[in-house]
Amino acid sequence: MPIMISARSADSPEPDLDLAGPVLQVAPRLLNAVVRHGEVAVRLTEVEAYDGADDPASHAYRGRTPRNAVMFGPPGFLYVYFSYGVHWAANVVCGPDGKSSAVLLRAGEVIDGHEVARTRRGPRVKDRDLARGPGRLAQALGLTGEHGGGYLFGDGPVRLIPAAAPPAEIATGPRVGVSVAADRPWRFWIAGDPYVSAYRRSPRAPAVG
DNA sequence: TCGCTGATCATCT
DNA sequence: GATGATCAGCGAA
């Protein structure tokens, strides 16, 4: 099990997208951006911010471990983790080097490579559901742990293309699935976009009151 | 449409 | 040994 943390060398291209700012500013800028892995490309419609050591819901909250080490590095890298023993979920590391913040890619629209995506997701899956949800998005793109640590702006297999145009309207709300700090409105999605995941509050989150 | 539940395992305590 | 940044399938309404 090699630990795959690739450092961006000095002559690597700079990110095409400024990811080094505060995660709450970076996250909404990822909306309408496109993630491409081979034939499959996904336009992002929904993301979620995780603010490193200041965020009880972040995987980086309890400090650096082998799994989350890439989050503590420079922005522009993929953090991919295995969730619930079943799914992979992909994050874009952002914020300044050492801040350990990241943005979870929650949902998107498959805009290229539908056939390949459907091969991975299943023959009966509707287009709308191909990448609507973190696990689904990673599966549609074929992202697994082996892509973790990859740089999104170099010549690696996974690329992040900045949004051609910002969304007309961005909505925010509580994060999904987290059992702590669920009240922080750090989920961002494109208002009215059908390719946004269905909202399900964590059953472990405290009741709204 | 809503709510519930099993699946399944890497990671951390 | 417990816990999830989830999903699909099911049954009820």
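Proteins come first, then strands; the chains are lettered A, B, ... in the order of their sequence lines, and each starts at number 1. This structure is a prediction, so every number in the text was calculated from the model and none was measured.
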Length of the CE-P vector between A:M71 and C:dA5, whole Å: 11 Å
Among Ile, Leu, Val, Met, Phe, Trp and Tyr joined by side-chain contacts under 4.5 Å, find the other residues sharing a cluster with A:W189 and list them by chain and number. A:V196
Taking A:S101 for the side chain and A:G52 for the main chain, is one N or O donor matched with an acceptor at less than 3.5 Å? no
Provide the full list of salt bridge (Lys or Arg N to Asp or Glu O under 4.0 Å) pairs with a residue in residues 19-35 of chain A, sequence neighbours left out, each pair given once. none
Pull out every residue in residues 37-57 of chain A that has a heavy atom closer than 4.0 Å to any atom of DNA chain C, ordered by number, or say none. A:Y50, A:A57
What does the 5'-to-3' dot-bracket notation of DNA chain B look like when only Watson-Crick and G-U wobble pairs under 3.5 Å count, and pairs to other strands show as |? |||||||.||||.
If a pair satisfies salt bridge (Lys or Arg N to Asp or Glu O under 4.0 Å) and one of its residues is in residues 86-102 of chain A, list it, with sequence neighbours excluded. A:D51-A:K99, A:D54-A:K99
By a strict heavy-atom criterion of less than 4.0 Å, which residues belonging to residues 97-114 of chain A are in contact with DNA chain C? A:L104, A:R106
Measuring to OP1 and OP2 of C:dC7, would you say a side-chain N or O of A:R121 lies under 4.0 angstrom away? no
Hey, would you say the A:Y79 and A:Y81 ring centroids sit under 6.0 Å apart? yes
Non-neighbouring partners of A:A131 that pass side chain to side chain contact (heavy atoms under 4.5 Å, CB included), sequence neighbours left out: A:V42, A:V110, A:L137, A:A140
What nucleotide, of C:dA8, C:dT6, C:dA5, holds the atom closest to the side chain of A:H87? C:dT6
Determine which pairs satisfy salt bridge (Lys or Arg N to Asp or Glu O under 4.0 Å) with at least one residue from residues 30-49 of chain A, sequence neighbours left out, and list them in order. A:R36-A:D112, A:R43-A:E109, A:R43-A:D193, A:E46-A:R106, A:E46-A:R187, A:E48-A:R106
Roughly how many Å is it from CH2 in A:W88 to P in B:dA7, rounded to a whole number? 21 Å
Flag, side chain of A:H37 to backbone of A:L141, donor-acceptor distance under 3.5 Å: yes
Would you mind reading off the distance between A:R120 atom CZ and C:dC7 atom P, rounded to a whole angstrom? 17 Å
Quickly work out the A:L130 CG to C:dC7 C1' distance and round it to whole Å. 15 Å
What is the distance from NZ of A:K126 to P of C:dA8, rounded to the nearest Å? 11 Å
Has the side chain of A:R175 got a donor or acceptor atom that lies under 3.5 Å from a matching backbone atom of A:Y50? no
Checking A:P28 now: which residues fulfil side chain to side chain contact (heavy atoms under 4.5 Å, CB included) with it, not counting sequence neighbours? A:I170, A:F188
Interatomic distance where CG belongs to A:D129 and P belongs to C:dT6 [whole Å]: 16 Å
Check if the side chain of A:Y84 and the base of B:dA7 share a donor-acceptor pair of N or O atoms closer than 3.5 Å. no
Using side-chain hydrogen bond (donor to acceptor under 3.5 Å, both in side chains) as the criterion, list what pairs up with A:H87, not counting sequence neighbours. none
With a 4.0 Å cut-off, would you call A:R121 and A:D129 a salt bridge? no
Whether the side chain of A:R62 engages the backbone of A:A53 through a donor-acceptor N/O pair (distance < 3.5 Å, no angle test) should be reported. no
At 4.0 Å (heavy atoms only), tell me whether A:R124 reaches a base, stays on the sugar-phosphate, or touches nothing. nothing
Taking only N/O atoms, report every protein-nucleotides 10-13 of chain B pair under 3.5 Å with atom names and distance.
residue : atom : partner : partner atom : Å
B:dC12  : OP1  : A:T65   : OG1          : 2.3

Listed by chain and number, what are the side chain to side chain contact (heavy atoms under 4.5 Å, CB included) partners of A:F82, not counting sequence neighbours? A:W88
For A:Q139 and C:dA8, what is the distance between atoms CD and C1' respectively, to the nearest whole Å? 11 Å
